[in-house]
Participant: 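The structure follows.
Labels below follow one simple rule: chain letters A, B, ... track the order of the sequence lines, proteins then strands, and each chain is numbered from 1.
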Amino acid sequence: MKIVFMGTPDFAVPILDKLVKEHVILAVYTRAPKVSGRGNRINKTPVHLWAEAHQIPVHTPKSLKSEEEQAIMRSYQADLGIVAAYGLLLPQAVLDMYPKGCINVHASLLPRWRGAAPIQRAIEAGDKQSGISIMQMALELDAGDVLAQEATPINKNTTGGDLHDTLADIGANLLCHTLANLDTITPIKQDESLVTYAEKLDKTECLIDFKMAAEKLVAKIRAFNPYPAMYFMYKGERFKVYEAEVCDMSDTPGKIIDGKKRLVITTGDNAINITKIQREGKQPMLINDLLRGFQFDNGTLI
RNA sequence: CGCGGGAUAGAGCAGCCCGGUAGCUCGUCAGGCUCAUAACCUGAAGGUCGUUGGUUCAAAUCCUUCUCCCGCAA
């Protein structure tokens with residue numbers, strides 16, 4: 001099939017890799033390059049770079065609402081639009097533009113976790129599984145009829161990064177499988193009573209609140225590993241926490257109980273034993289490595 | 001030119017401000033002790049102190065070039 005692809009982050013790249021082998025990608029739409037990163041350089045999105053490497057035309061409109069942009073998109077005369085974490089809303093005119101409509105790859109088992117950060121929110125909430133939903137897009141966000149789903153388990157060690165990679169992979173395969181069988185699939189409406197929303201990740205929620213329950217905190221740390229990463233401040237320095245486990249011990253929340261041979265800090269109900277950490281200016285490392293040359297003062301309240 | 005931290009033994013760090021034979025914790029290897037151990041004791045190996053040039057009697061340390069890594073902000 002002839003396809004116009006719309007996507008932005010890393011998540012979309014494995015999907016493109018797979019898609020390009022089985023279909024014709026006429027054009028790629030992605031977010032415009034913007035000033036970002038160290039040195040404030042102008043950086044192109046991962047999808048943008050992929051498209052350039054494959055010599056496929058790239059468009060980076062700020063919006064698809066204008067007639068002009070829609071006319072450009074229409075000129076490709078594609079059969080189908082594919083969307084994977086694009087970041088722009090598609091107007092009805094765009095959805096109607098393609099004979100086969102627009103199909104979206106979403107990283108959750110819809111109707112659970114519609115929205116911006118389904119991968120992290122699923123882990124944070126303690127879900128036992130996540131998955132990919134392929135859906136026929138509707139105007140309302142992530143509300144379209146589901147064409148296919150595939151689940152994957154979330155276990156005690158699954159990080160946000162792990163799940164991201166796994167789902168991108170599943171998404172690529174499931175999308176291609178779905179496209180191959182598109183004519184035989186019966187779309188299924190989402191059960192509106194089961195809808196939940198995955199709030200966008202916010203920097204302000206990354207500062208660890210040690211009054212939280214240990215178990216919830218550990219889940220959030222896992223969900224936010226490796227990005228955006230939960231952290232705490234100690235003597236004016238930021239420490240990102242990548243891995244931690246619940247630990248039986250009770251005291252004033254936020255107190256360093258043991259900072260010499262391991263790092264145990266109390267929480268609202270219990271305590272967490274931090275096992276992987278990153279200092280400013282350093283790579284993430286196991287706590288044992290850090291403690292060979294760096295020590296936390298016992299009894300310090302964070 | 002957005003702000004800032006860092007590169008020292010296999011790992012993690014100190015030393016740098018106030019130049020003077022490179023150190024700590026751990027790991028590794030050898031030996032010892034022990035019923036036994038991730039315990040303890042003794043000993044050993046292992047570093048052109050990221051790169052370039054300079055200052056100096058002398059540079060990990062002061063100045064300079066470049067490379068790489070990372071935190072913040074957006």
Participant: Does the separation of the ring centres of A:Phe5 and A:Tyr29 fall below 6.0 angstrom?
Facilitator: no
Participant: Partners of A:Lys240 by side chain to side chain donor-acceptor pair (under 3.5 Å), sequence neighbours excluded?
Facilitator: none
Participant: Where along residues 291-302 of chain A does a heavy atom come under 4.0 Å from RNA chain B, residue by residue in number order?
Facilitator: A:Arg292, A:Gly293
Participant: Could you tell me if the ring centre of A:Tyr98 sits under 6.0 Å from that of A:Tyr76?
Facilitator: no
Participant: Give me the distance, rounded to whole Å, that separates B:rG46 from B:rG10 when you measure between the C1' atoms they each carry.
Facilitator: 9 Å
Participant: Using the P atom as the reference point in each nucleotide, state the distance between B:rC41 and B:rG15 in Å, no decimals.
Facilitator: 27 Å
Participant: Work out how far the C1' atom of B:rC16 is from that of B:rA60, and round it to whole angstrom.
Facilitator: 7 Å
Participant: Under a 3.5 Å cut-off for both contacts, is B:rG43 paired Watson-Crick or G-U wobble with anything, and if yes, with which nucleotide?
Facilitator: B:rC29
Participant: Treating A:Asp269 as the side-chain partner and A:Ala213 as the backbone partner, does any N or O pair qualify as donor plus acceptor under 3.5 Å?
Facilitator: no
Participant: Can you give me every donor-acceptor pair (side chain of residues 175-183 of chain A, partner residue at least two apart or in another chain, under 3.5 Å) with its distance?
Facilitator:
from: A:Thr178; atom 1: OG1; to: A:Leu174; atom 2: O; distance (Å): 2.6
from: A:Asn181; atom 1: ND2; to: A:His177; atom 2: O; distance (Å): 2.8

Participant: May I have the list of side-chain donor-acceptor pairs in residues 103-111 of chain A shorter than 3.5 Å, sequence neighbours left out?
Facilitator:
from: A:Asn104; atom 1: ND2; to: A:Val83; atom 2: O; distance (Å): 2.8
from: A:His106; atom 1: NE2; to: A:Ser108; atom 2: OG; distance (Å): 3.3
from: A:His106; atom 1: NE2; to: A:Trp113; atom 2: O; distance (Å): 2.8
from: A:Ser108; atom 1: OG; to: A:Arg112; atom 2: O; distance (Å): 2.6
from: A:Ser108; atom 1: OG; to: A:Trp113; atom 2: O; distance (Å): 3.2

Participant: Count I, L, V, M, F, W, Y as connected when their side-chain heavy atoms are under 4.5 Å apart, and connections chain through other members. Are A:Leu16 and A:Tyr86 then in the same cluster?
Facilitator: no
Participant: If I pick the C1' atom on B:rU67 and the same atom on B:rG31, what distance separates them, to the nearest angstrom?
Facilitator: 45 Å
Participant: Can you tell me, in whole Å, how much space there is between the P of B:rC68 and that of B:rU51?
Facilitator: 15 Å
Participant: Using heavy-atom distances to pick each residue's nearest nucleotide on RNA chain B, tell me which of A:Arg41 and A:Tyr227 is more 5'.
Facilitator: A:Arg41
Participant: What's the gap between B:rU34 and B:rG20 when it is taken at their C1' atoms, as a whole Å value?
Facilitator: 46 Å
Participant: Rounded to the nearest 0.5 Å, what's the gap from CD on A:Gln120 to OG on A:Ser130? Could you check?
Facilitator: 10.0 Å
Participant: At a heavy-atom distance below 4.0 Å, which nucleotide of RNA chain B is the first touched by chain A, and which is the last?
Facilitator: B:rG2 to B:rA74
Participant: Let's test this: given Watson-Crick or G-U wobble pairing with both distances under 3.5 Å, identify the partner of B:rC49.
Facilitator: none
Participant: Over all strands shown, is A:Lys203 touching base, sugar-phosphate only, or nothing at heavy-atom distances under 4.0 angstrom?
Facilitator: sugar-phosphate
Participant: Just name whichever nucleotide pairs with B:rC57, Watson-Crick or G-U, keeping both distances under 3.5 Å, else none.
Facilitator: B:rG20
Participant: Relative to the 5' end of RNA chain B, which residue comes earlier, A:Gln278 or A:Met285, by the nucleotide with the nearest heavy atom?
Facilitator: A:Met285
Participant: Would you call the rings of A:His54 and A:Trp50 parallel, tilted or perpendicular, where under 30° means parallel and over 60° means perpendicular?
Facilitator: parallel
Participant: Report the base-pairing partner of B:rA14 (Watson-Crick or G-U wobble, both distances below 3.5 angstrom), or none.
Facilitator: none
Participant: Residues from residues 235-248 of chain A sitting under 4.0 Å of RNA chain B, heavy atoms only?
Facilitator: A:Arg238, A:Lys240
Participant: When both hydrogen-bonding distances must be under 3.5 Å and the geometry is Watson-Crick or G-U wobble, what is B:rU67 paired with, if anything?
Facilitator: B:rA7
Participant: Please give the distance between the P atoms of B:rC70 and B:rG27 as a whole number of Å.
Facilitator: 29 Å
Participant: Using both distances under 3.5 Å as the test, list the Watson-Crick or G-U wobble partner of B:rC72, or none.
Facilitator: B:rG2
Participant: Treating A:Gln70 as the side-chain partner and A:Leu64 as the backbone partner, does any N or O pair qualify as donor plus acceptor under 3.5 Å?
Facilitator: yes
Participant: Using the P atom on both, measure B:rC62 against B:rG5 and round to a whole Å.
Facilitator: 14 Å
Participant: Assert yes or no for the condition that the ring centre distance of A:Tyr231 to A:Phe239 is strictly below 6.0 Å.
Facilitator: no
Participant: For A:Asp202, is there any backbone N or O sitting under 3.5 Å from a side-chain donor or acceptor partner on A:Glu205?
Facilitator: yes
